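Comments concern the structure below.
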There are 4 protein chains.
Amino acid sequence: MTGATTPARGRKRSEQTRLAILTAAYELTTEVGYPDLTIEGIAARAGAGKQTVYRWWPTKADVLLEALALKADLKVSTADQGSFDAELDAFLRDSAALMAFPGVVPVLRSLMAEAQRDADFRRRFQDGFLIKRRAAFETIVERAAARGDKPAHLTAAFAADLVFGLIWYRVLATERLLGQDDITAIRRLLNEHPGEE
Amino acid sequence: MTGATTPARGRKRSEQTRLAILTAAYELTTEVGYPDLTIEGIAARAGAGKQTVYRWWPTKADVLLEALALKADLKVSTADQGSFDAELDAFLRDSAALMAFPGVVPVLRSLMAEAQRDADFRRRFQDGFLIKRRAAFETIVERAAARGDKPAHLTAAFAADLVFGLIWYRVLATERLLGQDDITAIRRLLNEHPGEE
Amino acid sequence: MTGATTPARGRKRSEQTRLAILTAAYELTTEVGYPDLTIEGIAARAGAGKQTVYRWWPTKADVLLEALALKADLKVSTADQGSFDAELDAFLRDSAALMAFPGVVPVLRSLMAEAQRDADFRRRFQDGFLIKRRAAFETIVERAAARGDKPAHLTAAFAADLVFGLIWYRVLATERLLGQDDITAIRRLLNEHPGEE
Amino acid sequence: MTGATTPARGRKRSEQTRLAILTAAYELTTEVGYPDLTIEGIAARAGAGKQTVYRWWPTKADVLLEALALKADLKVSTADQGSFDAELDAFLRDSAALMAFPGVVPVLRSLMAEAQRDADFRRRFQDGFLIKRRAAFETIVERAAARGDKPAHLTAAFAADLVFGLIWYRVLATERLLGQDDITAIRRLLNEHPGEE
DNA sequence: AACTAAGCGAGACGGTACGTCGCGTCTTGCA
DNA sequence: TGCAAGACGCGACGTACCGTCTCGCTTAGTT
């Protein structure tokens, strides 16, 4: 049971409006950029009232966070591929693919930026995005450990910090996105000499 | 000569006002947070006119970037310490020390966030902060390479991406700042099996 | 029969809800004032839905107009008292008594104000309130004329304008309500030299 | 001396903008009516910012009150004309003329309506309009008293209540404005038999 | 010493988005 | 069909800052 909430009186939330708002937010971000994205603009483009936006999302960043899930495939493969290296490769390719979706990189930048400004959104962004992806990665490392496949001295947490650090640093601080050479370099780094001496 | 500008007629820029503005900006950021930092607020707190702020800085982020240099020691040791590992250790300790300055972490977060929103400021932030620190780190790696001290397969650029990635990821995406254990882990990672072929 | 409407299908109008709405409107007006009186507020206080209010009254002013009849005694004595002066006295006392009902003066002010803004309500207010009271007064004057009791040069309409003008002006433009001295002054004015030619 | 206010620093108020706002308010009222008059609309029509309106006037009614003085001739003749009746006649003609100005009657209705809703504006309306006109009228009556020209039993205050009551009642509660016959009737009423017995 | 530029604090200006509030309409499900 | 609940499109509210623009004053050189 999901709680004894009152049995849903009154008019129901319009799914059509919800989608119109999410789409409008995503498109507007790519068109005018996040700083010029406004709740007013989202509502106007979606043919919705401002109140309707405010009723369901606390900030424009939250709209965008939900829109991201609607527009881009956020799934990360964590299937057992037999070896740590193969799973790592799959994970990194998935990540690169996500960022190749049109509009995703600017949205990610904007959300991370917003997370620096708004402590409440920071938490929602961590819970709704960062932690999920991190958990997927850590699953891989832990399976590798169970398999005896993992380099020594490499905790799952530290490996995650390294990998996500690299990805995010590239996005936030440089203009160089993750390429095949980077994937190769990471795989070599994390696989080197799994504590054999 | 950097241009034959007319030899400074009229009243000179007030250094006192400049410092008052930088101090006001830094303090206000720690007090109310970057999003609630306003040019109006800075000017009022500094006892200055808005025009004076706009005359010398394009955005509030630029004021803060300059204030950071005023308030915190941005120097990084790049002195030759004989070994890559020793210099790496010194560099990481310097970095951790910078972030221990009161108010520095919130300011760094805010500047990086602003760099995601404002493409012009992004460039100024990269040139005025990110690239400088990166150059210092790369100097260390290159000296190690010259010394034959550097791990194989590790370019200076990739090492820098890894290290700064880790540092920034911790600041931006988590609440865990760089600790002694992290420094140890990085040193081990970057020193492992130096050039075994 | 007033029309061959289908003989009332479905649920009947709830008298209880009607009274709850009228009472809520009246009380809210005295508590927060007419400008802050809202349909939403009335419905909420009455435990009714907004739709129910809109179904039966076009505007909040109309609710209040009906509530006035519920809360205050709107009856004016027009009984034949033998003389114009006696009937005038009774009429003026009734009027003063009405305005002594708690909450009546603010409501009258609000309704008259609304009548200036909304042409449709203006008509309903005139028909449902102003004209009725005016008719009562003119009845008195006309009976006086029939009796030979009426001052010369005094038409019923002009006398009504004078009397209602005085009463309303006091309410709308001053803080001085009608007192005994005013009643005396009016009686003297309207009775002076009755038909001396 | 008009007070030791600080000696006017900063940019001065723009008289041009002030007039544009007053004109816009007056015109909009005649075009869309007072209820649909909005500060936003006034500012937009005047080519001004909303803040500029709010800086100088507390409510739209105050804008209109000041606009009235700009647009209509509010002067009332109180010159000594030798007799009470002549001065009364002049006063009533002036009043009728004011209300013949295009747009004045709707504005007066709106201001009086607003004075019923907003206690603060009520005071400003009384001080800035009602009391001034009343004072003019009472001057006339008092001069008549000094001249021995005034009817007995007629105080200046009561006469003012009667006259302004009639005028306002006509405007607020009826569609019949003050005409020549009304002026005649009032003159007769206030002049009749000046207490000669 | 008089003149001429700036720089400066102050603050009014035209804008624009904010987040809130109430409007009047429209489901939705129960009586 | 009436009704309570409540989501919806809409649009004005009054506020907050934006970045620009006078103002009058101060502070330097330049004549």
Side-chain angles (χ1 to χ4, degrees), chain A residues 6-14 16-18 35-41 43-44 46-56 58-60, chain B residues 6-14 16-18 36-44 46-56 58-60, chain C residues 6 8-14 16-18 36-44 46-56 58-60, chain D residues 6-14 16-18 20 35-41 43-44 46-56 58-60:
Chain A
T6 31
R9 304 236 278 150
R11 188 174 174 175
K12 276 172 190 157
R13 178 173 182 183
S14 161
Q16 179 183 322
T17 294
R18 178 181 159 266
D36 289 345
L37 178 70
T38 63
I39 299 272
E40 298 220 334
K50 286 166 63 173
Q51 193 61 254
T52 302
V53 182
Y54 283 112
R55 194 165 5 237
W56 301 109
T59 71
K60 63 175 180 173
Chain B
T6 29
R9 300 243 296 147
R11 189 173 173 175
K12 275 174 194 158
R13 177 173 183 184
S14 161
Q16 180 184 323
T17 295
R18 177 180 159 266
D36 289 345
L37 178 69
T38 64
I39 299 273
E40 301 223 337
I42 294 170
K50 286 167 62 176
Q51 193 64 259
T52 303
V53 181
Y54 282 112
R55 209 185 331 261
W56 303 108
T59 72
K60 64 174 179 173
Chain C
T6 28
R9 300 240 298 143
R11 189 170 172 179
K12 274 175 197 158
R13 177 172 183 184
S14 160
Q16 180 184 324
T17 295
R18 177 180 160 267
D36 289 344
L37 177 71
T38 64
I39 299 272
E40 302 223 335
I42 294 170
K50 287 166 62 176
Q51 194 63 259
T52 304
V53 181
Y54 283 113
R55 209 184 331 260
W56 303 107
T59 72
K60 64 174 179 172
Chain D
T6 32
R9 304 235 277 151
R11 187 174 174 173
K12 278 170 190 159
R13 178 173 182 184
S14 162
Q16 179 183 323
T17 294
R18 178 180 158 266
D36 288 345
L37 178 70
T38 64
I39 298 273
E40 299 220 334
K50 286 167 64 175
Q51 192 61 252
T52 302
V53 181
Y54 282 112
R55 195 165 7 237
W56 302 108
T59 72
K60 62 174 180 173

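So you know, we letter chains A, B, ... as the sequences are listed, proteins then strands, and number each from 1. Remember, predicted model here, so these are calculated numbers, not experimental data.
Map A:Tyr54 and C:Tyr54 each onto its nearest nucleotide of DNA chain E; the residue landing nearer the 5' end is A:Tyr54. Two residues, A:Gly10 and D:Pro58, neighbour DNA chain F, and the one matched to the more 5' nucleotide by heavy-atom proximity is A:Gly10. For B:Glu40 and C:Glu40, each mapped to the nucleotide of DNA chain E holding its nearest heavy atom, the one lying further toward the 5' end belongs to B:Glu40. Nucleotides of DNA chain F nearest to B:Leu37 and C:Ser14 differ in position, and the one nearer the 5' end is that of C:Ser14.
Following rounding to the nearest Å, D:Arg55 (CZ) and E:dG15 (P) show an atom-to-atom distance of 14 Å. In this structure, the CD atom of A:Gln16 is 14 Å from the C1' atom of E:dT27, given to the nearest Å. One can place CZ of A:Arg18 at 14 Å from P of F:dG9, the figure rounded to the nearest angstrom. Summarising the geometry, the separation between CD1 on C:Ile42 and C1' on E:dG24 is reported as 14 Å, rounded to the nearest angstrom. When rounded to the nearest whole Å, the span between CD1 of D:Ile39 and P of E:dG14 equals 14 Å.
Contact annotation: A:Arg9 side-chain N/O to E:dC30 OP1/OP2 distance is not under 4.0 Å. When the side-chain nitrogen and oxygen atoms of D:Thr52 are compared with OP1 and OP2 of E:dG14, one or more of them lie within a distance under 4.0 Å. Listed pair B:Arg13 / E:dA6 fails the phosphate criterion, with no side-chain N or O lying under 4.0 Å from OP1 or OP2. Under 4.0 angstrom from either OP1 or OP2 of F:dG6 there lies no side-chain N or O belonging to A:Trp56. Residue B:Lys12 places at least one side-chain N or O closer than 4.0 Å to OP1 or OP2 of F:dG29. OP1 or OP2 of F:dA4 sits under 4.0 Å from a side-chain N or O of C:Thr17.
Of all heavy-atom pairs spanning C:Thr38 and C:Gly41, the tightest one is OG1-N, 2.8 Å.
Evaluation of atom-type donor-acceptor distances gives a pair under 3.5 Å for the side chain of D:Lys50 against the base of F:dG14. Between the side chain of D:Arg11 and the base of F:dC21, at least one donor-acceptor pair of N or O atoms lies under 3.5 Å. For C:Gln51 and F:dA4, a side-chain-to-base donor-acceptor distance below 3.5 Å is absent, hydrogens and geometry of angles not being considered.
Atoms CD and CD1, on D:Gln51 and D:Ile39 in that order, are 11.0 Å from each other to the nearest 0.5 Å. Between D:Leu37 atom CG and D:Lys60 atom NZ the span is 5.0 Å, to the nearest 0.5 Å.
Note on C:Gly41: nothing from the nucleic acid sits closer than 4.0 angstrom, heavy atoms only.
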A:Val53/A:Lys50 under side chain to side chain contact (heavy atoms under 4.5 Å, CB included): CA gap, chis, key distance, verdict: CA-CA 5 Å; A:Val53 182; A:Lys50 286 166 63 173; 5.7 Å; no
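Both tests pass for D:Arg13 against the ring of D:Trp56: distance under 6.0 Å to the centre and angle within 45° of the axis.
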